[in-house]
Amino acid sequence: QVTLVESGGGLVQAGGSLRLSCAGSGRTYNYMGWFRQAPGKGREFVAAIWSGDSTTYEDSVKGRFTISRDNMKNTMYLQMNSLKPEDTAVYYCAAGSTGRGIRRIQGYNYWGQGTQVTVSS
């Protein structure tokens, strides 16, 4: 059984930074990712990283967010800079190997409980 626990969320002013962490236990998966869900909206892809450290990002966060992972610690990170009010959401980490798409919810086997990120204007 894989468990994922996010941390690092909080309240920050626009233009500020936060670093999210996702600590995993259990087996290692082929890829891990971050998704977010704003109030009244569906869960959307943010960024993902393969075991070989290749990465992919949603267009609106490119150049502002950086995803990374430390395989020795079984932990994934999301460094978020130049935050905007529209980045406000619950952020979820996920781990997967379904082969159904690294940018899709269906691509992931396991999910964390989420951490709230609020960006004030």
Side-chain angles (χ1 to χ4, degrees):
Q1 181 70 25
V2 171
T3 59
L4 302 172
V5 179
E6 303 97 335
S7 62
L11 173 63
V12 65
Q13 289 187 332
S17 299
L18 283 173
R19 188 194 196 203
L20 305 183
S21 298
C22 173
S25 64
R27 58 172 289 189
T28 299
Y29 279 76
N30 292 341
Y31 48 84
M32 298 182 73
W34 290 97
F35 287 72
R36 65 187 178 186
Q37 187 165 12
K41 296 187 177 181
R43 194 169 298 190
E44 67 173 8
F45 172 77
V46 176
I49 184 167
W50 278 269
S51 58
D53 289 340
S54 295
T55 59
T56 183
Y57 296 90
E58 192 271 329
D59 285 348
S60 70
V61 307
K62 283 181 180 177
R64 299 189 298 124
F65 291 10
T66 302
I67 188 172
S68 61
R69 62 192 290 179
D70 184 333
N71 291 325
M72 294 296 291
K73 296 181 178 180
N74 210 16
T75 300
M76 176 179 64
Y77 305 96
L78 185 68
Q79 178 66 44
M80 305 186 295
N81 298 328
S82 302
L83 282 162
K84 304 175 181 181
E86 51 263 43
D87 294 318
T88 295
V90 177
Y91 283 70
Y92 298 90
C93 72
S97 61
T98 70
R100 297 175 65 186
I102 196 170
R103 301 168 71 95
R104 300 177 64 204
I105 293 173
Q106 295 86 344
Y108 294 82
N109 306 80
Y110 293 96
W111 295 83
Q113 292 300 305
T115 185
Q116 176 70 47
V117 171
T118 303
V119 184
S120 63
S121 58

Is it true that the side chains of Thr3 and Ser25 contain a donor and an acceptor less than 3.5 Å apart?
-> yes

Taking C-beta and beyond as the side chain, do Met80 and Val12 meet within less than 4.5 Å on heavy atoms?
-> no

Is the shortest heavy-atom distance from the side chain of Leu78 to the side chain of Thr66 under 4.5 Å?
-> no

What pair of heavy atoms forms the shortest contact from Ala38 to Ala89, and how long is it?
-> N-CB, 3.8 Å

Please check if the side chain of Gln37 supplies one atom and the backbone of Lys41 the other of a donor-acceptor pair under 3.5 Å.
-> yes

Any idea which heavy atoms bring Gln113 and Glu6 closest together, and the distance?
-> N-OE1, 3.1 Å

Reported CZ-to-CD distance for the pair Arg19 and Gln79, which is rounded to 0.5 angstrom | 6.5 Å

State yes or no: do Ile102 and Met76 share one hydrophobic cluster built from I, L, V, M, F, W and Y residues joined by side-chain heavy-atom distances below 4.5 Å, directly or via other members?
-> no

Backbone of Val90 reached by a side-chain donor or acceptor of Arg36 within 3.5 Å = no

Apply side-chain contact (heavy atoms from CB on, under 4.5 Å) to the pair Asn109 and Thr98, showing each step before the final yes or no.
-> CA-CA 7 Å; Asn109 306 80; Thr98 70; 3.5 Å; yes

Gln13 side chain near Val119 side chain, heavy-atom distance below 4.5 Å = no

Return yes if some donor-acceptor pair links the side-chain N/O of Asp70 with the main-chain N/O of Lys73 below 3.5 Å, else return no.
-> yes

CD of Gln116: more than 12 outside heavy atoms within 6.0 angstrom?
-> yes

Could you tell me the separation between the CD1 atom of Ile67 and the OG atom of Ser54, rounded to the nearest 0.5 Å?
-> 11.5 Å

Asp87/Lys84 under salt bridge (Lys or Arg N to Asp or Glu O under 4.0 Å): CA gap, chis, key distance, verdict | CA-CA 5 Å; Asp87 294 318; Lys84 304 175 181 181; over 6 Å; no

If you take all heavy atoms of Pro85 and Ser121, which pair is closest and at what distance?
-> CG-CB, 3.8 Å

Exactly one candidate in Val5, Leu20, Leu18 meets side chain to side chain contact (heavy atoms under 4.5 Å, CB included) with Thr115; the answer is Leu20

Intermediate values then yes/no, ring-ring contact (aromatic ring centres under 6.0 Å, His included), Tyr31 and Tyr108 = CA-CA 9 Å; Tyr31 48 84; Tyr108 294 82; 5.3 Å; yes

For Phe45, the option from Tyr92, Tyr57, Phe65, Phe35 that meets ring-ring contact (aromatic ring centres under 6.0 Å, His included) = Phe35

Min side-chain heavy-atom separation Arg69-Ser51 under 4.5 Å = yes

For residues Leu83 and Arg64, report the shortest heavy-atom separation together with the two atoms involved.
-> CA-NH1, 3.9 Å

Polar side chain donor-acceptor pair, Ser17 to Asn81, under 3.5 angstrom | yes

Atom pair CH2 (Trp111) and SG (Cys22), whose distance is rounded to the nearest 0.5 Å | 11.0 Å

Between Thr56 and Arg103, does any side-chain donor sit less than 3.5 Å from a side-chain acceptor?
-> yes

If two hydrophobic side chains count as joined below 4.5 Å and joins carry through other members, does Tyr110 share a cluster with Tyr77?
-> no

Check: Thr118 side chain, Gly10 main-chain N or O, donor-acceptor pair, under 3.5 Å | no

Are the side chains of Trp50 and Asn30 in touch, meaning some heavy atoms are under 4.5 Å apart?
-> no

So which heavy atom on Cys93 is nearest to which on Leu4, and how close?
-> SG-CB, 3.7 Å

